[in-house]
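These values consider heavy atoms only, across backbone and side chains, with no hydrogens, waters or symmetry-generated copies. Keep in mind it's a predicted model, so treat the numbers as computed, not measured. Numbers restart at 1 for each chain; the letters A, B, ... are given by sequence-line order, proteins then strands.
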Number of protein chains: 2
Amino acid sequence: MEFKDNIPIYLQIKQYLYRQIVTGELKPGQKIPSVRELAVQLTVNVNTVQRALQQMNVEGILYTKRGEGNFVTEDTDLLEKTKQELIDDELNKFVQSMNDLGVSNDQIHDILSAYLK
Amino acid sequence: MEFKDNIPIYLQIKQYLYRQIVTGELKPGQKIPSVRELAVQLTVNVNTVQRALQQMNVEGILYTKRGEGNFVTEDTDLLEKTKQELIDDELNKFVQSMNDLGVSNDQIHDILSAYLK
DNA sequence: TTTACTGTATCACATTTCTAATACACTGTA
DNA sequence: TACAGTGTATTAGAAATGTGATACAGTAAA
């Protein structure tokens with residue numbers, strides 16, 4: 001995996017997993033790869049993976065069975081809510097950035113349309 | 001200024017100044033506040049400001065007159081090009097993020113419209 | 001019980017980022 | 001010239017991040 005050097009890797013790992021979960025690539029109740037597997041996959045240290053997973057555990061999106069592995073939560077309401085939050089966050093950042101660059105809300109649509117072609 | 005703790009402050013300062021420049025709040029040829037002024041304004045160390053300005057200097061968006069201060073470039077072509085690049089970068093990030101979250105290009109418009117109301 | 005797989009904890013170290021203090025160098029103006 | 005305002009450089013230290021190695025602890029299955 002290619003990491004941006006401006007953002008802590010453990011945060012990028014969280015984002016990577018979050019996205020796999022909310023898109024259903026990792027399904028509710030499904031076991032995710034072990035910390036050691038992920039560490040190899042992502043060419044990163046075990047501790048760095050651990051840090052990401054530990055936080056996602058606190059956030060409730062994962063649960064840990066010690067000795068077995070980490071699993072995606074089965075709380076589909078939480079998953080749906082999380083997905084909406086992630087999308088809203090992105091919308092927020094985007095609109096804010098465009099405004100800061102002098103692009104009004106009205107103009108955003110046109111610029112986006114042009115961009116998507 | 002409120003800084004996000006995940007992104008280096010000098011990068012946020014760069015972004016802050018870039019945006020003031022491309023929106024014309026700071027005009028071509030205009031002197032920007034001194035490193036010491038900015039440091040006080042942003043409640044940040046002089047060295048941190050210096051680091052941001054030094055990079056913007058390399059990038060050509062600012063030029064330095066030693067003993068006088070830093071000035072916005074008068075190369076309006078570069079300014080226009082820079083603005084376009086910043087906008088395109090934001091569009092890129094946004095569309096990429098939405099795709100990663102399972103939102104297709106077709107859906108983006110609707111979601112954006114809903115959000116802007 | 002043993003083995004192999006899990007997660008967890010700890011330590012030492014390097015790097016990046018940021019602060020803080022100080023000094024130096026250049027410029028315009030009184 | 002002297003001074004006040006600029007940018008620049010250097011040094012030391014703290015905190016956050018990441019690596020690497022090692023050990024410990026729980027679980028499932030042979």
Side-chain angles (χ1 to χ4, degrees), chain A residues 1-18 20-21 26-75, chain B residues 1-18 20-21 26-75:
Chain A
M1 184 161 158
E2 355 61 48
F3 296 104
K4 298 179 188 171
D5 52 349
N6 295 330
I7 304 181
I9 293 177
Y10 74 93
L11 290 179
Q12 296 184 58
I13 294 175
K14 278 181 68 175
Q15 180 176 277
Y16 168 71
L17 291 174
Y18 258 103
Q20 289 198 305
I21 289 170
L26 292 172
K27 301 195 183 353
Q30 184 177 343
K31 180 178 178 304
I32 73 169
S34 76
V35 287
R36 288 174 178 81
E37 263 188 79
L38 283 172
V40 171
Q41 255 185 47
L42 307 175
T43 58
V44 144
N45 194 272
V46 177
N47 301 320
T48 308
V49 175
Q50 175 62 16
R51 187 168 184 178
L53 295 192
Q54 198 274 331
Q55 291 191 4
M56 293 177 75
N57 219 295
V58 171
E59 291 158 5
I61 200 85
L62 291 181
Y63 63 94
T64 300
K65 288 188 188 171
R66 189 172 181 135
E68 295 190 49
N70 283 282
F71 301 80
V72 178
T73 181
E74 284 152 19
D75 182 345
Chain B
M1 183 158 158
E2 355 61 48
F3 296 104
K4 296 180 189 171
D5 51 350
N6 295 328
I7 304 180
I9 294 177
Y10 73 94
L11 290 179
Q12 296 184 57
I13 294 175
K14 279 181 68 176
Q15 180 175 279
Y16 168 72
L17 291 174
Y18 257 103
Q20 289 197 306
I21 290 171
L26 292 172
K27 299 193 184 354
Q30 183 176 342
K31 180 178 177 304
I32 72 170
S34 75
V35 286
R36 287 174 181 79
E37 263 188 80
L38 283 172
V40 171
Q41 257 185 47
L42 306 176
T43 59
V44 144
N45 194 271
V46 177
N47 300 321
T48 308
V49 175
Q50 174 63 16
R51 187 167 183 178
L53 295 191
Q54 198 274 331
Q55 290 190 5
M56 293 176 74
N57 219 295
V58 171
E59 291 158 4
I61 200 84
L62 291 180
Y63 62 93
T64 300
K65 289 188 187 170
R66 188 171 182 137
E68 295 189 50
N70 283 282
F71 300 81
V72 178
T73 182
E74 285 151 17
D75 183 343

Given D:dG18, C:dG7, C:dT27, identify the nucleotide with an atom nearest to the side chain of B:Glu68. C:dT27

Mind listing the residues from residues 38-64 of chain B sitting with a heavy atom below 4.0 Å of DNA chain D? Number order is fine. B:Asn47, B:Gln50, B:Thr64

Atom CD1 of A:Ile7 and atom C1' of D:dA16: how far apart are they, to the nearest Å? 15 Å

Check: A:Ile9 and A:Leu42 side chains under 4.5 Å, non-hydrogen atoms: no

Working to the nearest 0.5 Å, report the span between CD1 of B:Ile21 and OG1 of B:Thr73. 9.0 Å

Tell me the interatomic distance from B:Lys31, atom NZ, to C:dT27, atom P, rounded to whole angstroms. 15 Å

Flag the pair A:Arg51 / A:Thr48 as yes when at least one side-chain heavy-atom distance between them is below 4.5 Å, and no otherwise. no

Rounded to the nearest 0.5 Å, the NZ atom of A:Lys14 sits from the CG atom of A:Leu53 at a distance of 10.5 Å

Looking at B:Gln50 and B:Val35, would you say the former's side chain and the latter's main chain have a donor-acceptor pair under 3.5 Å? no

What's the CZ-P distance between A:Phe3 and D:dT17, to the nearest Å? 15 Å

Suppose the criterion is ring pair (Phe, Tyr, Trp, His ring centres under 6.0 Å): which pairs have a residue in residues 26-64 of chain A, not counting sequence neighbours? A:Tyr63-A:Phe71

Any side-chain N or O of B:Ser34 less than 4.0 Å from the OP1 or OP2 oxygen of D:dG5? no

Expressed as a whole number of angstroms, how long is the span from B:Ile32:CD1 to D:dG5:C1'? 15 Å

Kindly compute the distance separating CD (A:Gln30) from CG (A:Asn70), expressed to the nearest 0.5 Å. 12.5 Å

Give the rounded distance in Å between these two atoms: CD1 of A:Ile9 and P of C:dT17. 13 Å

Are any of the side-chain heavy atoms of A:Ile13 and A:Phe3 separated by less than 4.5 Å? yes

Does C:dC18 have its OP1 or OP2 closer than 4.0 Å to a side-chain nitrogen or oxygen of B:Tyr10? no

Rounded to whole Å, the CD1-P distance (B:Ile13 to C:dT19) equals 8 Å

Between the protein and nucleotides 23-25 of chain D, which nitrogen or oxygen pairs are less than 3.5 angstrom apart?
residue: D:dA25; atom: O4'; partner: A:Arg66; partner atom: NH2; Å: 3.2

Please report, rounded to the nearest Å, how far the P atom of C:dT17 is from the CG atom of B:Leu11. 8 Å

Rounded to the nearest angstrom, tell me the gap between atom CG in B:Asn6 and atom P in D:dA16. 12 Å

Beyond-backbone contact of B:Gln55 with B:Val58, side-chain heavy atoms, under 4.5 angstrom: no

